[in-house]
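Numbered from 1 within each chain, the chains take letters A, B, ... in sequence-line order.
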There are 2 protein chains.
Amino acid sequence: MLRLSKLTDYAVVVLVRLSEESGIQTSGGIAASTGVPEPTVAKVLKIMTSAGLVASQRGARGGYRLARPLATIPVAEVIIAIDGPIALTACVEHSTSVCDTSSLCPVKGRWDAVNTAILDALSTISLADMRPTAFFPLPAHHLPEKRDAVPTTASALTTAFLE
Amino acid sequence: MLRLSKLTDYAVVVLVRLSEESGIQTSGGIAASTGVPEPTVAKVLKIMTSAGLVASQRGARGGYRLARPLATIPVAEVIIAIDGPIALTACVEHSTSVCDTSSLCPVKGRWDAVNTAILDALSTISLADMRPTAFFPLPAHHLPEKRDAVPTTASALTTAFLE
DNA sequence: CCATTCAGGACCGCGCCAGTCCTGTTTTCG
DNA sequence: CGAAAACAGGACTGGCGCGGTCCTGAATGG
């Protein structure tokens, strides 16, 4: 699958939405404007808060706001905040789970290179790169450069893999 | 989680093991030499066969052998063979599932860049790069070059993310 | 003092992967 | 020619984890 959790997808939606308003926003308001169910938005925002990506204000007239500019938040950070450290398999270093056949595992330690490569790719792309230009056409500052930072060299092989 | 299925992990083990013997090998033999349960090995090999990564010989004295050299098999191909096309979210192009809120989804189409970056990374690393050098020290042909192809530039940021 | 809003859990159902098994087909060997 | 060896291709099930909801408590503002 190599699929990330749905909550991560929601998190990106919510964070992007947060960036589109200067003031503070309630979880209910974000739910309304994004279409994501309110309890889910609340859950996402709580996680984002404890991860330090957004700042929260309790009490009446409270709400959430971004702790940092969108462009300084790599996708990797969002994924890690929700799903925990990126570890493709149990054999990867820093993994929480244990490899039961670690002593004779033939690929022991070899997934690390793969893991690092993926992490590197995810650290290159910021949330600002994922903002849809069509909906909110703003003076494109970072989008063009960052987009070029995404490797597009494997196009031929890549598209073949994508079926 | 961004975790790939256990079967994929097994597949790498099995394929590497296949490469370490010139002749044909039975699924039972591979199970014995790798420690992976035999039914699971059989399942993996059947998938690998239909994906064209290994060739099979039926009947008595039958078995499996690699269809191509290990160095020409990118990790991405193994992952795709087992888990299907790589699609991080439902919103990614070529994804099989449908995005229910596609029309007003704020990040519509934006995961594509992320997906492509990951796919590119996975296409760069071949199974030969994952062979443990400690166990079978052979004249290193492709290992050094390929290993350098794996981006190691994000080390500082990367290790920070890894918990 | 009350309404509002976040904090931090507990909780449950559903889907999906992992692992097994069974039946059929192909091939080799005695 | 028959029996054993080995792959082919499913069906089947159990467990685990995520998605989604809800509840109680704490903080804040009017």
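An OP1 or OP2 oxygen of dA6(D) is reached within less than 4.0 angstrom by no side-chain nitrogen or oxygen of Ser27(B). For the pair Thr26(A) and dC6(C), the criterion of a side-chain N or O lying under 4.0 Å from OP1 or OP2 is not met. Phosphate proximity of dC17(C) to Tyr10(B): absent, as no side-chain N or O sits under 4.0 Å from OP1 or OP2.
Between Glu38(B) atom CD and dG19(C) atom P there is a gap of 14 Å when expressed in whole angstrom units. In this structure, the NZ atom of Lys6(A) is 15 Å from the P atom of dC14(C), given to the nearest Å. Put simply, CD1 on Ile82(B) is 14 Å from C1' on dG19(C), counting in whole angstrom units. The distance between atom CD of Gln25(B) and atom C1' of dC7(D), rounded to the nearest whole Å, is 15 Å. The interatomic distance linking Ile30(B) (CD1) with dC7(D) (C1') rounds to 12 Å, in whole Å. To the nearest angstrom, P of dC17(C) lies 13 Å from CG of Leu4(B).
Summarising the geometry of Ser123(B) relative to Pro74(B), their closest heavy-atom pair is O-CB, 3.7 Å, with the distance given to 0.1 Å.
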Can you give each donor-acceptor pair under 3.5 Å made by side-chain atoms of residues 36-50 of chain B, sequence neighbours left out, with the distance rounded to 0.1 Å?
{"unit_1": "Glu38(B)", "atom_1": "OE2", "unit_2": "Ser27(B)", "atom_2": "OG", "d": "3.0"}
{"unit_1": "Thr49(B)", "atom_1": "OG1", "unit_2": "Leu45(B)", "atom_2": "O", "d": "2.7"}
{"unit_1": "Ser50(B)", "atom_1": "OG", "unit_2": "Lys46(B)", "atom_2": "O", "d": "3.3"}
{"unit_1": "Ser50(B)", "atom_1": "OG", "unit_2": "Ile47(B)", "atom_2": "O", "d": "3.0"}

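DNA chain C is contacted by Lys46(A), Thr49(A) of residues 40-53 of chain A, taking any non-hydrogen atom closer than 4.0 Å.
Applying the side-chain hydrogen bond (donor to acceptor under 3.5 Å, both in side chains) criterion to Arg68(A), with sequence neighbours excluded, gives Glu77(A). Take Arg61(A) and apply the salt bridge (charged side-chain N to carboxylate O under 4.0 Å, His left out) test, not counting sequence neighbours, and it matches no residue. Applying the side-chain hydrogen bond (donor to acceptor under 3.5 Å, both in side chains) criterion to Glu21(B), with sequence neighbours excluded, gives Arg17(B).
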Identify all pairs in which a protein N or O lies below 3.5 Å from an N or O of nucleotides 27-29 of chain C, and state each distance.
{"unit_1": "dT27(C)", "atom_1": "O2", "unit_2": "Ala60(B)", "atom_2": "N", "d": "3.1"}

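One finds the CD1 atom of Ile80(A) at 5.5 Å from the CG atom of Leu119(A) (value rounded to the nearest 0.5 Å). To the nearest 0.5 Å, the span separating CD1 on Ile79(A) from CG on Leu122(A) amounts to 4.5 Å.
Heavy atoms of Gly63(A) sit under 4.0 angstrom from primed sugar atoms or phosphate atoms, though from no base atom.
Counting only distance, with no hydrogens or angles, the side chain of Thr8(B) and the backbone of Leu4(B) share no donor-acceptor pair below 3.5 Å. Side chain of Gln57(B) to main chain of Gly63(B): no donor-acceptor pair is present (N/O by atom type, distance under 3.5 Å, no hydrogens or angles).
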